[in-house]
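Step one of this worksheet: look at the structure below.
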Amino acid sequence: MGNEKNENLKICQSCGMPMQEEQYGTNGDGSRNEVYCCYCFKEGEFAQKCTMEEMVDFCVPFEMEGGRAKTKEEAKAMLMAYFPTLERWKTEAQGS
């Protein structure tokens, strides 16, 4: 029963970060975007124009800091497996 809050936790579909309400990105009209975080998506556009692999490289230190990976290689392998499941990278991962 105590997991209700976690089930409602949204994950940024660009970087995989769990988002609290104040971390949601913004649409072009200033409204809240619940798909992407404020670091990835601002005013209706992605903050970083990058490939999935570049985003993985950017996120590696956070995985290590958070204790989810011990080495850069381990973190990168985990993220390269996880990112293709996120909305932003699904089409790129399929090669379209």
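One finds the CD atom of E43 at 5.5 Å from the OG1 atom of T26 (value rounded to the nearest 0.5 Å). To the nearest 0.5 angstrom, T85 atom OG1 is 7.0 Å from K90 atom NZ. Between atom CE of residue M78 and atom CZ of residue R68 there is a gap of 7.0 Å, rounded to the nearest 0.5 Å. In this structure, N27 CG and E45 CD are separated by 11.5 Å, a value rounded to the nearest 0.5 Å.
Linking ILVMFWY residues whenever their side-chain heavy atoms come closer than 4.5 Å, directly or via other members, places Y39 and Y24 in the same cluster.
Here the closest non-hydrogen pair linking C12 and L86 is O-CD2, 3.9 Å. Contact between L9 and Q20 at its shortest, heavy atoms only, is CD1-NE2, 4.1 Å. Across all their heavy atoms, A75 and E63 have their closest contact at CB-CB, 3.9 Å. The minimum heavy-atom distance linking M17 with C37 is given by the pair CE-CB, 3.7 Å. When all heavy atoms of R88 and S14 are compared, the pair lying nearest together is NH1-OG, 3.0 Å.
With hydrogens and angles ignored, the 3.5 Å screen pairs a side-chain donor or acceptor of N33 with a backbone N or O of V35.
With sequence neighbours excluded, the residues satisfying side-chain hydrogen bond (donor to acceptor under 3.5 Å, both in side chains) with R32 are E21, E34.
Using a 4.5 Å cut-off on side-chain heavy atoms (C-beta onward), E53 and M80 make contact.
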Do any side-chain atoms of residues 54-62 form donor-acceptor pairs under 3.5 angstrom with protein atoms, and if so which ones, sequence neighbours left out?
unit_1 : atom_1 : unit_2 : atom_2 : d
E54    : OE1    : T51    : N      : 2.8
D57    : OD1    : K76    : NZ     : 3.0

Exercise for review: Give the intermediate values and the outcome of ring-ring contact (aromatic ring centres under 6.0 Å, His included) for residues Y36 and F46.
Suggested key: CA-CA 9 Å; Y36 301 111; F46 286 110; 4.9 Å; yes

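Taking a 6.0 Å sphere around NZ of K49, one finds it holds more than 12 heavy atoms contributed by other residues, nucleotides or ligands.
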